[in-house]
Amino acid sequence: MPITLASWNVNSIRARMPQIESWLASRPVDILALQETKVPDPLFPAEYFRERGFVPVYRGQAAYNGVAILSREPVSSVAAELGPAFTDCRFLSAATAFGFHLVNLYAPNGDTLESDKFNYKCTWYGALLARIQELLRIHPHLALVGDFNLAPADRDVYDPDAFRESVLTDRRIRNFLQELEALGFVDTFRHLYPDAIAYSWWDYRKGAARRGEGLRIDLILLSRALLPKLRHAGIAGDIRSFPRPSDHAPIWAELDP
DNA sequence: ATGACAAGCTTCGCTTGA
């Protein structure tokens, strides 16, 4: 049986419990990384997931950010600190029982190119890159998943001209992905489907999902050592037509055990 | 030039998201 690794920016785990339940029923997963849980740790619905056979690890805060890993098997070496300068909950790494180390990330959006938030996004990505370099030396079988707030190429954007000066497509941000690729990481979906047009996020406004106007900003990257195990990858875009959806779809990859 | 949806907190209005 292949191992299913999935990632989903749920935009509030408490608001999204019905959708999480129905998606997990339609596609059983072995390990699921969540972003934007928007819940402090004491209020995380840990018991709900334990009752359904998951080991939950999570690091959240009120209102914003928040990351979690739900695993069918115990995890170890859990780390949530990216550095003293980063107090927001956007990073969670763990050793899994599925033959790889996992990093779950929720990259800052960056607001506008001129904003302090964009400077923070660049600083954050710099720290992430340093951490990944360290981790990769120790754990060559490394999966890097989450909401990157980064569209790798113009074909990942429904209207590239409209996003030409965007914090999601800016050269400095795309360079961080290229640095990861230089370390040997591969964008699994793009690797399997070089020409596919598929998105993982749609604006809630303007009927963007219905019109097919989205972005592919959620990614599952596998290290060079782990890539030979990749069998399938996909984006569960149909989740967007369900009631009260997240603005992001779950993404998944199947790996050989 | 602007808002449009959605969620949570600052809760009947504001901030943030992407």
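Every heavy atom of this structure was used, including side-chain atoms; hydrogens, water molecules and symmetry mates were not. Note that the structure is predicted; figures quoted are calculated from it, not measured.
The two residues Ala196(A) and Arg190(A) come nearest to each other via the heavy atoms O-NH1, 2.8 Å.
Distances from the side chain of Tyr64(A) to the nucleotides dA7(B), dC5(B), dT10(B) place dT10(B) closest. Between dA7(B), dC9(B), dA18(B), one nucleotide has an atom nearer to the side chain of Ser12(A) than all others, and that is dA7(B). Residue Leu168(A) places its side chain closer to dA18(B) than to any other of dA6(B), dA7(B), dA18(B).
Between Asp247(A) atom CG and dA18(B) atom C1' there is a gap of 8 Å when expressed in whole angstrom units. Nucleotide dA18(B) holds its P atom 10 Å from the CD atom of Gln35(A), rounded to whole Å. Put simply, CG on Asn11(A) is 10 Å from C1' on dT16(B), counting in whole angstrom units. Summarising the geometry, the separation between OH on Tyr199(A) and P on dA18(B) is reported as 18 Å, rounded to the nearest angstrom.
Taking only side-chain nitrogens and oxygens, Arg244(A) comes nearer than 4.0 Å to OP1 or OP2 of dA7(B). The side chain of His248(A) contributes an N or O atom lying less than 4.0 Å from OP1 or OP2 of dA18(B). Of the side-chain N and O atoms in Asn149(A), none sit less than 4.0 angstrom from OP1 or OP2 of dG17(B).
Contact annotation for Asp147(A): backbone-only contact, meaning every heavy-atom pair under 4.0 Å involves sugar-phosphate atoms and none involves a base. Contacts of Lys121(A) with the nucleic acid, taken as non-hydrogen atoms under 4.0 Å apart, are absent.
Annotation: Tyr158(A) is in aromatic contact with Phe163(A) [ring centroid separation under 6.0 Å].
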